[in-house]
Amino acid sequence: MASSSPPHVVEDVPPFLQLLSDGTVIRFTDGYPLPIPSPPPGQPVVDWKDVVYDASHGLKLRIYRPAAASSSGNKLPVIVYFHGGGYSIGSFDMPNFHACCVRLAGELPAVVLSADYRLAPEHRFPAGLDDAANVVSWVRGQAAAVGDNADPWLSETADFDRVFVAGDSAGGGVVHHTAVRLASGRLGPLEPVRVAGCAMLCPMFGGEERTASEAEFPPGPFLSLPAVDQAWRLVLPPGSTRDHPLANPFGPDSPALDGVALPPMLVVAAAHDLLRDRAADYAARLKAMGKPVELVEFEGQHHGFFAVEPYGDAGSEVVRLVKRFVYGNGGASD
């Protein structure tokens with residue numbers, strides 16, 4: 001009997017992972033592509049800790065709260081945050097995503113829950129989206145918990161009547177699908193939680209037909225069109241096209257959103273982002289349906305600029321924008 005050929009690389013995502021022909025995934029941990037953020041002096045002090053929200057899959061989230069909140073007695077809005085990384089890389093503990101959440105928690109102020117979710121290609125869609133739904137269910141459980149079953153940080157500080165779902169890049173796509181599931185009733189009753197809005201930063205959507213920004217823009221410093229196409233090959237069910245409903249919210253087989261009562265939506269786009277047109281089209285289509293959506297475009301910026309430079313000028317403007325959105329849809333600022 002002839003020996004079978006050894007597995008070969010079918011998808012290479014340097015410096016993060018390789019997918020082999022037999023389905024094996026090799027992940028590398030010695031590469032970090034982003035500049036490590038350095039907070040300027042005078043930042044608000046933020047406490048954080050990690051907790052397990054899904055023991056069956058070993059999934060955790062990181063809770064952030066302003067240090068002053070523990071003694072103030074004031075309840076703060078809650079932001080459930082999903083990191084980016086093309087659905088195949090990233091974690092809440094990456095320094096850049098961590099810095100984003102520290103800023104949001106300290107400067108809004110807010111309680112921030114930054115959650116990991118299962119990544120492709122080991123776990124293709126809908127696994128990561130199911131995990132996001134489980135995060136929301138965990139939040140609902142915390143809102144209803146009493147005594148030792150309640151996390152003390154949340155019972156002391158979180159206002160579960162002001163919950164927002166936010167995400168960057170792929171995390172923005174997670175936000176969309178979570179919002180649709182919530183509004184469609186697929187996650188069951190949320191009481192006593194109220195989702196007051198969603199914020200999507202440079203959301204990652206796809207489609208077979210190229211947009212003008214995809215076709216005409218040069219590659220950004222941290223994103224290229226081949227990398228985007230590869231990300232979809234890794235996360236979508238095998239054989240799917242980029243018009244799959246989990247990639248393209250308005251594809252030929254995607255469910256209609258006209259009758260879905262979405263909460264207020266904030267969509268942030270970057271003018272030089274290859275995916276800029278998809279974010280703008282997403283907001284325009286929702287607005288045409290009468291949905292409460294706001295599109296804010298940042299001139300001179302590339303994809304994922306907030307995570308790339310959390311303490312940059314544009315990042316500071318994102319924090320102010322999210323603060324206005326959160327407190328504008330959930331009550332007056334403390």
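For residues 44-55, the set of pairs meeting the salt bridge (charged side-chain N to carboxylate O under 4.0 Å, His left out) definition, not counting sequence neighbours, comprises Lys49-Asp151, Asp50-Arg62. Within the structure, every pair that satisfies the salt bridge (charged side-chain N to carboxylate O under 4.0 Å, His left out) test and touches residues 240-261, not counting sequence neighbours, is listed here: Glu208-Arg242, Asp229-Arg242. Sorted by first and then second residue, the pairs that involve residues 305-319 and meet side-chain hydrogen bond (donor to acceptor under 3.5 Å, both in side chains), not counting sequence neighbours, are Arg103-Ser316, Glu317-Arg320.
Annotation for Gly85 and Ala170: closest pair N-CB, 4.1 Å, computed over non-hydrogen atoms. Residues Ile63 and Leu61 approach most closely at CG1-CD1, 3.6 Å, considering heavy atoms. In terms of heavy-atom proximity, Glu214 sits nearest to Arg278 at OE2-NE, 2.7 Å. When every heavy atom of Ala196 is checked against every heavy atom of Pro264, the shortest pair comes out as O-CD, 3.4 Å. Closest non-hydrogen pair, Arg210 versus Ala215, comes out as CB-CB, 4.3 Å.
Side chain of Tyr282 to backbone of Phe250: no donor-acceptor contact under 3.5 angstrom is found. Of the possible donor and acceptor atoms, one in the side chain of His177 sits under 3.5 Å from a partner among the backbone N and O of Leu246. At distances below 3.5 Å, not a single donor-acceptor pair connects side-chain atoms of Asp116 with backbone N or O atoms of Leu59. Under the 3.5 Å distance criterion, the side-chain polar atoms of Lys291 are left unmatched by any main-chain donor or acceptor of Met265. The main-chain N or O of Gly304 is never found under 3.5 Å from a side-chain atom of Ser169 such that the two would form a donor-acceptor pair. No donor-acceptor distance shorter than 3.5 angstrom exists from the side chain of Glu107 to the backbone of Gln43, with no hydrogens or angles considered.
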Side-chain donor-acceptor pairs of residues 29-39 under 3.5 Å, sequence neighbours excluded:
from: Tyr32; atom 1: OH; to: Asn96; atom 2: N; distance (Å): 3.3
from: Tyr32; atom 1: OH; to: Asn96; atom 2: OD1; distance (Å): 2.4

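With sequence neighbours excluded, no residue satisfies salt bridge (charged side-chain N to carboxylate O under 4.0 Å, His left out) with Arg124. Here Asp161 pairs with Arg194 under the salt bridge (charged side-chain N to carboxylate O under 4.0 Å, His left out) rule; sequence neighbours left out.
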